[in-house]
Chemist: 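What follows is a structure written as structure tokens; I'll ask about it next.
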Amino acid sequence: MTQFSKGLRVQLRVMQALMIRELVTRFGRENIGFLWIMVEPLLFAGLVGLVWTFLRGQEKQGIAVVAFVVSGYIPLTFLRHSFGRSAKIFQTNGALLYHRQVKILDFIFVRVSIEAIGAMMAYIFAGVVLFFFDMFPMPYDVTSLVSGWLIYVLFVVSVCTVLAPLSEMSEVVEKLVPISVYVSIPFSGVFNMAAWLPPNVREALMWSPLVTGMELMRFGLFGDLVTPYYDIPKAIGITLACLVIGLTLSRRIRRTLSLS
Amino acid sequence: MITCHDLHKEYRTGHITKSVLNGVDFTINPNDRIGLLGRNGAGKSTLIRLIGGVEMPTSGKVVRKMSCSWPLGFTGGFQGSLTGYDNARFIARIYDKPYSEMRVFVEEFTELGIQLHMPVKQYSSGMRARLAFALSLAIEFQCYLIDEVIMVGDMNFRKKCERAFFEVRKDRALLLASHSVKTVKRFCNRAIVLDDGIATMYEDVDTGISVYEAL
């Protein structure tokens, strides 16, 4: 047990160091520095929200369109970045594996954490600004909002642990990683609530932890304006299954990883 | 003490498999100064990477009972886009050493001055070697793994390394991969000759060197 807690302390230290390193290399120290992290999700969600407003009017089934788009696109941007950055992540960070306490999974956890922090900052920033323009509601139930986000993040982490080793094993998978993002869009609950769909489609979508996460987040935000559909045990079960596969693959790939 | 048990290492590219090490067994005792000799491609760097834990053996294992540096060579261990100082800060953090001491030591040992504010990818190999040695010496490992790199340094740097390893840190173990017979003869008390994936240990350095020269 002491062995374990010692190891855990080392890993936390390593992850913290990696996180600082990552922020410095990616955003530098000049101008707004690491605040850049939230610029892209903000711009993306903002522009899409604007387009939707013009196309479909300001409200859809009683929900402000901009708020709906922002609450869907920011998590989606997080997913897209996390998946995209998982490709060949072990090889690109190989130089750091010279230090034995740095483990390959640290790279994934650090990348996803940074993306998650950026997404949360963007979400809060967008929410506060839009709130003053009366285009964003006060969250109805923060617990649902946060637990939905947690489910969403955990599932993304677990998929990344599968994508990363697979991208090292085959060139084909590496090239397919960007496509995985587009494939996941229909299963991510970004564009609509499950309640707006026919029952059989809705039933099928419950297999996606992303939908469960997103529905919970939307309920936490809009409250009774929406009827959420979610299946938390199923979401957690799938995430865990994915994680087991990912960890096994990562362990196997580490044995054959060759670094120069 | 560091022990290698029956190490095998194969590299696979497509359907070509190359086996580099075919059962390497030896022990590094505290105080050992081992010269690692072998022709180009004999597997010296591979062996050092396995002992350092950078890569994993195909079979067999490495048991480390003393702290062991990362392989000090031309590559690895650094983040090229970060400055010398940032790298020092990163290494201080992951090895849990106070950065202030690290910084002073690195400035003094490398003599790189203002260039420590430049990204490491702009360094020459000699400058990189200086930084790598400074960082690993600041951490005070019990065993140092050195892959060729002493050779790239200038006179002043070589003198510094000699002092650091053979006067100040006499009690540490060293595994030194080198093509310089002179260096090995001068500093090592044992020699390993790596040939055909098999490592042979010679307790007498001169015997080891003559075997290596006959390869």
Side-chain angles (χ1 to χ4, degrees), chain A residues 3 5-30 33-34 89-107 109-111 165 168-172 248-260, chain B residues 8-14 17-18 20 45-46 48-59 61-62 64 67-83 85-97 99 117 119-121 128 132 135-136 139 141 145 147:
Chain A
Q3 198 76 20
S5 65
K6 213 165 133 194
L8 194 67
R9 253 206 317 278
V10 173
Q11 289 314 302
L12 287 176
R13 205 167 63 220
V14 167
M15 278 194 255
Q16 189 198 352
L18 283 172
M19 215 172 277
I20 297 169
R21 179 198 74 106
E22 177 95 10
L23 290 175
V24 171
T25 29
R26 244 169 80 194
F27 305 107
R29 293 205 178 83
E30 267 122 67
F34 87 107
I89 190 172
F90 302 152
Q91 208 58 252
T92 47
N93 287 291
L96 298 173
L97 290 174
Y98 269 63
H99 309 289
R100 266 191 314 285
Q101 61 274 58
V102 179
K103 307 290 177 198
I104 51 173
L105 290 176
D106 291 333
F107 301 146
F109 294 150
V110 165
R111 281 279 167 88
E168 304 280 349
M169 282 175 195
S170 100
E171 293 275 308
V172 181
T248 316
L249 285 175
S250 298
R251 195 179 164 76
R252 272 186 56 189
I253 200 74
R254 179 64 179 100
R255 298 203 73 83
T256 55
L257 210 58
S258 67
L259 310 153
S260 53
Chain B
H8 289 257
K9 183 67 181 173
E10 286 174 356
Y11 287 104
R12 211 166 291 155
T13 339
T17 304
K18 186 181 189 257
V20 181
S45 299
T46 302
I48 282 190
R49 281 208 293 273
L50 294 185
I51 295 173
V54 178
E55 290 178 13
M56 307 283 164
T58 309
S59 69
K61 70 177 176 192
V62 180
R64 299 181 200 88
S67 68
C68 169
S69 79
W70 67 90
L72 303 173
F74 296 112
T75 54
F78 292 132
Q79 175 73 11
S81 54
L82 291 183
T83 66
Y85 281 126
D86 280 336
N87 273 293
R89 213 174 273 130
F90 176 74
I91 284 178
R93 274 192 199 113
I94 62 173
Y95 286 92
D96 205 14
K97 293 278 165 198
Y99 172 62
H117 285 293
V120 169
K121 62 183 168 205
R128 252 173 230 241
L135 291 172
S136 66
I139 294 167
F141 291 104
L145 307 173
D147 194 356

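Here is how names work: the chains are called A, B, and so on, in the same order as the sequence lines, proteins then strands, and each is numbered from 1. Note that the coordinates shown come from a computational prediction; the quantities given were computed from them, not determined experimentally.
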Chemist: Considering all heavy atoms of both residues, which atom of B:Ser81 and which atom of B:Pro119 are nearest to each other, and what is their separation?
Modeler: O-CB, 3.9 Å
Chemist: CG of A:Leu257 to CG of A:Leu97: how many Å apart, nearest 0.5 Å?
Modeler: 6.5 Å
Chemist: Where on A:Ile20 is there a heavy atom nearer than 4.5 Å to chain B: the side chain, the backbone, both, or neither?
Modeler: side chain
Chemist: Non-hydrogen atoms of chain A under 4.5 Å away: do they reach the side chain of B:Ser69, the backbone, both or neither?
Modeler: backbone
Chemist: Please rank A:Arg21, A:His99, A:Met15 by heavy-atom pairs under 4.5 Å with chain B and give me the top one.
Modeler: A:His99
Chemist: Between B:Phe78 and chain A, which part of the residue has a heavy atom less than 4.5 Å away: side chain, backbone, both or neither?
Modeler: backbone
Chemist: If the threshold is 4.0 Å, N to carboxylate O, is there a salt bridge linking B:Arg89 and B:Asp86?
Modeler: yes
Chemist: Is it the side chain or the backbone of A:Val10 that comes within 4.5 Å of chain B heavy atoms, both, or neither?
Modeler: neither
Chemist: In terms of heavy-atom pairs under 4.5 Å with chain A, which of B:Asn87, B:Val54, B:Thr58, B:Thr46 leads?
Modeler: B:Val54
Chemist: Do B:Cys68 and A:Arg100 pass the side chain to side chain contact (heavy atoms under 4.5 Å, CB included) test, and can you show the C-alpha distance, the side-chain angles, and the key distance before you say yes or no?
Modeler: CA-CA 9 Å; B:Cys68 169; A:Arg100 266 191 314 285; 3.8 Å; yes
Chemist: Examine whether an atom of B:Asp96 lies under 4.5 Å from a heavy atom of chain A, and if so say whether it belongs to the side chain, the backbone or both; otherwise answer neither.
Modeler: both
Chemist: Working to the nearest 0.5 Å, report the span between CG of B:Leu145 and OH of A:Tyr98.
Modeler: 11.0 Å
Chemist: To the nearest 0.5 angstrom, please state how far the CD1 atom of B:Ile94 sits from the CD1 atom of B:Ile91.
Modeler: 6.0 Å
